[in-house]
Amino acid sequence: MKIGVFDSGLGGLVVTKAFIDKMPEYDYVYYGDTANLPYGEKTSEQILSYTVAAIKFLVSQNCGLIVVACNTATAIALRFLQQQFMPFFAPDVKVLGVVIPTVEEALSYNAKKVGVISTRATTSSMIYRQELLKINSELEIREIASPELVPAIEGNDFAEAKKISEQYAKKFEDMDSLILGCTHYPLVKNMFRECLPQVRIISQDELMGDKLKDYLQRHIEIDICLSRNSDYKFLVSEWNGAYQKVASTLFPDIPIKKVEQNV
Ligand code: DGL
């Protein structure tokens, strides 16, 4: 069985790269639902239904472990998937998200004022606030949505992304840590770091590789079911040249393909 990685678009490739860099021997299937991007601007019902369809697709691709790399899908759908959907649909398949590992990483240093930048749907769900406060109820938290950033990154317009990042970075100048709570934001992490040298920037590409490795070491029963042929497949629900350009910056040799059947 393979490791599935799901995102609403191409941002999750950054997390996939972190997995492949740490654990190149496994087989990976990436699915980016580019036809329905941006999830951050959709209703909870839509996000839930797209995410369930994506998980069904990855199960059909023989994935035994699926990482929902999309923060928005994690925020809205992960609990439903883990507690209600998967136990009936595919009880042997594990589905993991990105929010809890990110929160754990953010609080592994003595953080007191934590900023979170994410999509509108993630911000409204308040998932980061809830999970951060569960670990430390004294934290000062500031969550801000930046809906303009994902379209600029997906469109490969990094000049625009820089302008937007600078504008949002200002809102977190007085925080000690800032969680980049969206799979696309690692692609602009250096812009945030330049604007906020005094703030610890938590970027999921720098933590998820170790977190998944640690998970597999602790769950041998899952690890032994995973195939290891270094076979990587990257699929999207809608293809265009800009997507291929963004993807090529991370994986120059691997083509992004549109899935044939409707997901
Ligand atoms: N991938 C999504 C996330 O991590 C952001 C992009 C979107 O709005 O679809 O939240």
Side-chain angles (χ1 to χ4, degrees), residues 4-19 30-55 58 66-79 81 95-103 105-106 115-129 131 143-157 160-161 164-165 168 178-189 192 201-208 211 234-238 240 242-243 246-247 250 256 263:
V5 184
F6 164 58
D7 186 35
S8 57
L10 295 183
L13 282 177
V14 180
V15 170
T16 309
K17 183 161 166 44
F19 295 157
Y30 181 85
Y31 176 60
D33 188 12
T34 45
N36 293 310
L37 186 93
Y39 280 21
E41 297 296 297
K42 302 288 191 307
T43 64
S44 296
E45 290 72 23
Q46 286 171 311
I47 296 164
L48 193 63
S49 122
Y50 298 147
T51 305
V52 167
I55 297 297
L58 286 170
I66 299 172
V67 180
V68 178
C70 178
N71 289 256
T72 307
T74 299
I76 305 298
L78 188 70
R79 191 167 300 162
L81 290 169
V95 181
L96 309 175
V98 284
V99 170
I100 290 182
T102 306
V103 164
E105 178 67 17
V116 184
I117 181 163
S118 63
T119 66
R120 227 189 301 253
T122 303
T123 303
S124 318
S125 78
M126 295 206 283
I127 187 157
Y128 272 104
R129 177 175 295 276
E131 295 300 335
E143 282 184 279
I144 298 177
S146 79
E148 309 88 348
L149 206 40
V150 167
I153 295 170
E154 288 276 328
N156 202 27
D157 186 351
E160 179 65 12
I164 301 166
S165 304
Y168 279 94
L178 173 62
I179 293 175
L180 303 182
C182 171
T183 42
H184 290 69
Y185 301 168
L187 291 165
V188 291
K189 66 182 175 185
F192 278 93
I201 306 291
I202 293 122
S203 186
Q204 289 168 337
D205 60 320
E206 295 167 7
L207 65 102
M208 283 305 296
K211 294 284 182 187
F234 296 160
L235 301 168
V236 288
S237 50
E238 190 175 275
N240 76 33
Y243 296 153
V246 174
L250 296 164
I256 303 277
V263 173

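Counting starts at 1 for both ligands and their atoms, following the listed order. Numbering of residues begins at 1 and proceeds along the displayed sequence.
Under 3.5 Å, the side chains of N71 and S118 contain no donor-acceptor pair of N or O atoms. Inspection of the Y185 and S146 side chains reveals an N or O donor paired with an N or O acceptor under 3.5 Å.
The main-chain N or O of E238 is found under 3.5 Å from a side-chain atom of T34 such that the two form a donor-acceptor pair. Within the 3.5 Å criterion, the main-chain N or O of Q46 finds a donor-acceptor partner in the side chain of T43.
With a 4.5 Å cut-off on side-chain heavy atoms, F192 and I117 count as touching.
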| Does the side chain to side chain contact (heavy atoms under 4.5 Å, CB included) test come out yes or no for V14 and T183, once each step is laid out? | CA-CA 7 Å; V14 180; T183 42; over 6 Å; no
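Each of D7, S8, L37, P38, Y39, G40, C70, N71, T72, T119, V150, C182, T183, H184 has a non-hydrogen atom positioned under 4.0 Å from some atom of ligand 1.
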